[in-house]
Amino acid sequence: METTNGALNRKLRMALVGGGQGAFIGRVHATAAVLDNRAELVAGALSSDPVKAKASAPAYDIKPNRAYGSVQEMIDKELKLPADQRIDFVTVATPNHTHFPIAKAALEAGFNVICDKPMTFDLAQAEELVNVVAKSGAVFAVTHNYTGYPLVRMARQMILDGELGEIQAVRSCYIQGWLRTRLESSDQKQAAWRTDPAKSGAAGCFGDIATHAYNLARYMTGLIPADVSCNLKTFEPGRQLDDYGHAVIRFENGGFGTVTASQISHGRENDVSIEIDGTKGAIQWRQEEPNVLTLRRNGHPHALYTRDPNAPYMNDSGKAACRLPAGHPEAFFEAFANVYRSAYDDIVTRATGGTWDKLNTVYPNVNDGVEGMYFIQQCVNSSNENGAWLPLKHKLARQ
Ligand code: SOE
């Protein structure tokens, strides 16, 4: 088990925004954030409805005096607490259109922020948030949680170490079937806001899950994008936003990538998968079988890498993301917790007066968040221009 944050010698104090009754990802955040005993959930503004916000608190063991009716009330009252009691960070687990105002208010109050994806409602908000983060000096992480899987981190290190040679092609897919029908018309909360342009933003499927697939391709390969051609589609009659799409990406090194996302594929659950082709080898990974990664090289048997922190082939990046020995499956919660604990390292550094590299973080940061919003914007614009090639390299993205 981790020590309680080194020199800080105490648990970090967390506030959750969102996660009230009927929520999904809020509970995931609350579970992952405390998995390593480095943080405790002490406060929350769990719903935009003040009554529901307070009624949801017991489910998280949040005491009534820190179960707030609004984000502003939470910030005001937390700031009035003595420094050794107030929260250290705010987790934003709300629909997309509220990420920016909540994150901005928390950052300006001096709190660190862990924000769900996509980072904001549009690119303009994302670019402004970069400035707010810089001015605040706080830690900011975006929970592109698929970057937290041990074999994803092992593969990323293999690629950065040149084991696959030059990366020439990447195919990143995110295939679901849960919106095959108009679930949103049955008032299902998770479907309702994701399919509402006023809450989701310019894209539906491409905003909700293609952003994960694109972020994973960028995170694992390190390739710098040049431009994108995209076609989005709304198959379900009456739906306002895309529920399917393909994007083709040209990278600066001459490499080629594709991002495919679907919410309408019968029988598919949460099928994130990625295939990466290098000049010395190719890898394949699927989130629904996360403890196995396949490496292929012409003329060699196919190599099946299992998540084994004690295996000689497991590099330091993979090892650091493991909690259990081989054969004891680690998955969604542990990967989510890996994003949190990488962010905790920098939060502890900040709290003990240290400095850290704010751009090349292990966890997705505000610059990665901007890149995600630029991806959405350029894909929607390209699709509206019949698949026109549009620039995809953002000046604030990791280079
Ligand atoms: C629904 O598509 C969803 O909950 C996404 O919003 C999450 O980001 C993804 O991790 C799981 O599926």
Side-chain angles (χ1 to χ4, degrees), residues 17-20 22-33 91-99 114-121 141-149 152 172-184 186 188-197 199-219 232 234-236 239 241-245 259-274 285-290 330-340 363-364 368-369 371-373 375-376:
V17 180
F24 158 56
I25 210 71
R27 173 62 66 185
V28 173
H29 278 278
T31 305
T91 284
V92 184
T94 59
N96 303 345
H97 66 299
T98 59
H99 289 182
I114 311 278
C115 185
D116 210 87
K117 43 46 66 183
M119 188 170 75
T120 53
F121 184 74
V142 184
T143 50
H144 278 296
N145 49 296
Y146 301 106
T147 65
Y149 283 85
V152 166
S172 193
C173 295
Y174 200 146
I175 311 297
Q176 297 176 333
W178 74 300
L179 291 182
R180 174 64 273 174
T181 58
R182 298 268 331 273
L183 198 57
E184 60 270 28
S186 67
Q188 201 268 14
K189 179 179 175 184
Q190 296 308 312
W193 72 258
R194 284 179 174 81
T195 55
D196 176 356
K199 293 185 176 177
S200 177
C205 177
F206 253 54
D208 189 37
I209 56 177
T211 42
H212 273 307
Y214 175 64
N215 168 270
L216 192 62
R218 281 274 289 127
Y219 184 77
L232 303 179
T234 305
F235 282 110
E236 197 54 28
R239 184 165 282 159
L241 291 173
D242 57 286
D243 49 26
Y244 193 92
V259 170
T260 297
S262 169
Q263 295 170 319
I264 52 95
S265 302
H266 271 285
R268 304 296 284 276
E269 296 174 353
N270 196 47
D271 197 353
V272 189
S273 65
I274 189 162
W285 180 80
R286 275 190 71 216
Q287 190 267 155
E288 291 185 2
E289 297 290 334
E330 293 189 275
F332 197 77
F333 283 114
E334 292 86 355
F336 228 104
N338 283 337
V339 176
Y340 267 96
Y363 54 87
D368 301 312
E371 182 162 25
M373 296 317 300
F375 173 75
I376 293 169

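Atoms within each ligand, like the ligands themselves, are counted from 1 in listed order.
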Under the side chain to side chain donor-acceptor pair (under 3.5 Å) rule, collect the residues that match up with Y174, sequence neighbours excluded.
Y146, N270
Does Y340 have any ring pair (Phe, Tyr, Trp, His ring centres under 6.0 Å) partners at least two apart in sequence or in another chain, and if so, which?
H29, Y344
Given D208, D368, N215, the one that forms side chain to side chain donor-acceptor pair (under 3.5 Å) with K117
D208
Among W285, Y219, F333, F332, find the one that has a ring-ring contact (aromatic ring centres under 6.0 Å, His included) with Y149.
W285
Out of curiosity, E288 CD to S273 OG, how far, rounded to the nearest 0.5 Å?
9.0 Å
Who's touching ligand 1 if we go heavy atoms under 4.0 Å?
F24, K117, Y146, Y174, Q176, W178, R194, D208, I209, H212, N270
Got a sec, which residues hit side-chain contact (heavy atoms from CB on, under 4.5 Å) with R268, two or more places apart in sequence or on another chain?
I175, S265, D271
